[in-house]
Amino acid sequence: MLTNRDIADIFEKCANLLQLKGESIHRYLAYQRAAETIRELPRDLRAISAEKGLVDLPNIGKTLAEKIDEMLTTGKLAFYEKLTAEIPVGLIDIMNINGVGPKKAMLFYQELGITTVEALKSAAAAGKLRDLPGMGAKSEQKVLEGIASLSRHTGRISIGIALPSAQAILDELLRLPNVLEGALAGSIRRGKPTIGDIDILIAVADMAHAPAIMDYFVAMPIVARILGHGETKSSIELQNGLQADLRVLVKQKWGTALNYFSGSKEHNVRMRQLALAKGLSLNEHAFSPVDADGNILEDAPKIYCDTEEAVYAQVGLPFIPPELREDAGEIEAAQRGELPNLITLNDIKGDLHMHTTYSDGVASIQQMAEEAYARGRQYIVITDHSRSLGIANGLSIERLLAQQAEVRHVDALMYGKIRVFHGTEMDINADGSLDYPDDVLAKLDFVIASLHVSLRQDRDKITQRLLNAIQNPHVDMIGHLTARYIPDREPVDADMDVVFDSVKAHGKVLEINANPRRLDIDASYVRRAVDMGILLAINTDAHQPSHLDLMPYGVMTARRGWAEARHVLNTYPTDEFIKWMESKR
DNA sequence: GCCGTTTTCGGCCCGACTGTTTTCAGTCG
């Protein structure tokens, strides 16, 4: 049975094959956009298809809806098979080599019969590429470097790795002379869970200062390879395989540039359309007046924006926070004056999920309390693993009760600083049972139920396990609902329509697990929870004190899902959180 | 192939950089 992801992947491959065939770029983009839409979809295509709702999805028209239905019913796509009969799929991998595009890939295929990266590597090493038209010794060398780089990193990298690494580079550049302003742009700024590359912008008063900054950038010790080194733009590959792009621009263009390079592409397209409706062409440099045919009027004065607020004001909109810029309704919401008042890190008062040395954490209850207090938390819940999770030293009922005595003791010790409550992260067992009996759960302040084992069970089983947990009156929250782990582990296969309805009906909380390897639930599910009126909680799931610092990743995910502070349980002040817990008893 | 309160046909992404050119094509974001 094909999943959303499978179908998105097939469309993505169709897009690549069409590009290799030299089809119109717009047809290629149509498949590309459809793949992207499906990838970000919070619901099952199967359910949407049953409702005849496929054509209502953005970027899905009659043709692609039919193709989706074909895949859902037959598990295959004839169009895709026809394409692969014409063009070897191995060329897609070759095209993914940095510096090799569709034209070069086809050239290697047609001239030398190359269909795999391995064959291309041998040909390049044997010096067979340099004599092809448009190639030379340098291009051949670049192909070899591109293949080497390919093996160093696999696709997108967790924001938990990319963000600190990007911030360190930015901080270094900000210390250089003549740098007026600097920022991270791209998907890092929008808080995406995975990052393709790092985008850095630096503003100067005079472009004469740019080359020195570029020279410094490409000479930094973390640079593994220089991919490009120009006057206004340079690209490097870091030791960890990530690519970082730096652009230097004059301060006058800061707003348009930051907006442009923050994306998303889809959001930018909408921004350009809004500008055109006002007779202006928008790019990273400025707004330029255009004539009725859309041609730029060269002698008309351009409009420069040195802030993003000014860019949005120019198209008649309020500032739109970067996390919302996905063309997922944010433009329309801004036009109606109904943008959400997004949650911020400052709104977070508590942390409802963390581990100690009782199970697989490395710090004591008291240490975790002290560390959380040092980070400004007003309350925490200690939630160690339950008895069946032997690998994590899960707590027997006796140890759980003994732990409660220590939690109460620490709570008293910390009085006036931080409140410490006692909970559990209880396993939802493989057979669907819960790992502690109800009379034990009744003694706890806060109960999380989570999936940790048998994650590859079929949809019915997983769904039933989740429903069992949701329907138990003592369970307060479902932890990391889909149990995905970036990048290795796919989310569990459950009927989320049914699960969300049940969560809503039973008044349970859904966790946004802030660990950047999890970010679970993800932004699309957050948005669905917000729309349905399901309460959320953003927790670090800390296994050591430093993990308490992961909260910002959870907040970014919440913001990407349009969550406001009022949608999130652990923004409540302590007394209200206590009232909430009491109301559940 | 999608999309539309300027259009159901004719738009959709274009600028910087590189390497091979001999004025430009291919790639990338």
Going by side chain to side chain contact (heavy atoms under 4.5 Å, CB included), A/R560 matches just one of A/R527, A/R190, A/R325. Which one?
A/R190
Using a strict heavy-atom distance below 4.0 Å, which residues from residues 66-81 of chain A are in contact with DNA chain B?
A/K67
Side chain of A/K103 only, heavy atoms from C-beta on: which candidate in B/dG26, B/dG1, B/dG29 is closest?
B/dG26
B/dT21: syn or anti, per glycosidic angle within 90° of 0:
anti
Taking the same atom, P, in B/dT18 and in B/dT23, what whole-Å distance lies between them?
22 Å
Counting only side-chain N and O atoms of A/Q32, is one of them less than 4.0 Å from OP1 or OP2 of B/dC2?
no
Nearest-nucleotide pick for A/A277, side chain only, options being B/dT6, B/dC13, B/dC28
B/dT6
Whole-Å distance between B/dC28 C1' and A/I226 CD1?
18 Å
Please report the distance separating the P of B/dC9 from the corresponding atom of B/dA16, rounded so that it comes out in whole Å.
37 Å
With a cut-off of 3.5 Å and sequence neighbours excluded, list every side-chain donor-acceptor pair involving residues 86-100 of chain A.
| residue | atom | partner | partner atom | Å |
| --- | --- | --- | --- | --- |
| A/E86 | OE1 | A/K21 | NZ | 3.3 |
| A/N96 | ND2 | A/I92 | O | 3.3 |

In whole Å, what separates the P atom of B/dC12 from that of B/dG19?
32 Å
In whole Å, I'd like the distance from the CG atom of A/N98 to the C1' atom of B/dG29.
11 Å
d(CG, A/L17; C1', B/dG1) in whole Å:
16 Å
For B/dG10 and B/dT6, measure between their C1' atoms and round to the nearest Å.
13 Å
Round to the nearest Å and state the distance from A/M106 atom CE to B/dG26 atom P.
13 Å
How far, in whole Å, is B/dC17 from B/dT21 if one measures between their P atoms?
22 Å
Can you give one letter per nucleotide of nucleotides 14-21 of chain B, going 5' to 3': B for a protein heavy atom under 4.0 Å from the base, S for sugar-phosphate only, - for none?
-SSSSSS-
Could you check how far CD of A/E36 sits from C1' of B/dC2, rounded to whole Å?
16 Å
Test item: A/R247 and A/T232 side chains (from C-beta on) under 4.5 Å apart, heavy atoms:
no
Separation between the P atoms of B/dC3 and B/dC13, rounded to whole Å
14 Å
Could you state the atom-to-atom distance from CG of A/L276 to C1' of B/dC3 in whole Å?
15 Å
Roughly how many Å is it from NZ in A/K278 to P in B/dT6, rounded to a whole number?
12 Å
Any chance the side chains of A/E266 and A/S264 put a donor and an acceptor closer than 3.5 Å?
yes
If you measure from CD on A/Q32 to SG on A/C14, what distance do you get to the nearest 0.5 Å?
11.5 Å
P spacing across the pair B/dT20 / B/dA25, given as an integer number of angstrom
16 Å
Pick the closest DNA chain B nucleotide for A/D245 and for A/V55 by heavy atoms, then say which residue is nearer the 5' end.
A/V55
Would you mind classifying the nucleic acid contact of A/Y31 as base, sugar-phosphate or nothing, using non-hydrogen atoms under 4.0 angstrom?
sugar-phosphate
Looking at A/E66 and A/K62, does any basic side-chain N land under 4.0 Å from a carboxylate oxygen?
yes
Does the plane of the ring in A/Y312 sit parallel, tilted or perpendicular to the ring in A/F319? Use 30° and 60° as the thresholds.
perpendicular
Rounded interatomic separation in angstrom, taking CG from A/L83 and C1' from B/dG1
13 Å
Proximity to the side chain of A/R247 - top-ranked nucleotide from B/dT6, B/dG29, B/dC12
B/dG29
Do A/T3 and A/D6 pair up side chain to side chain, a donor and an acceptor below 3.5 Å, judged on atom types alone?
yes
Please pick, from B/dC2, B/dT27, B/dC13, the nucleotide with the shortest atom-to-atom distance to any side-chain atom of A/P102.
B/dT27
When both distances are under 3.5 Å in a Watson-Crick or G-U wobble arrangement, the nucleotide paired with B/dG11 is B/dC2
Excluding sequence neighbours, so at least two apart, what forms ring-ring contact (aromatic ring centres under 6.0 Å, His included) with A/Y525?
A/F500
side-chain hydrogen bond (donor to acceptor under 3.5 Å, both in side chains) filter on A/E231, not counting sequence neighbours, yields none
Applying salt bridge (Lys or Arg N to Asp or Glu O under 4.0 Å), can you list everything that pairs with A/E330, at least two apart in sequence or on another chain?
none
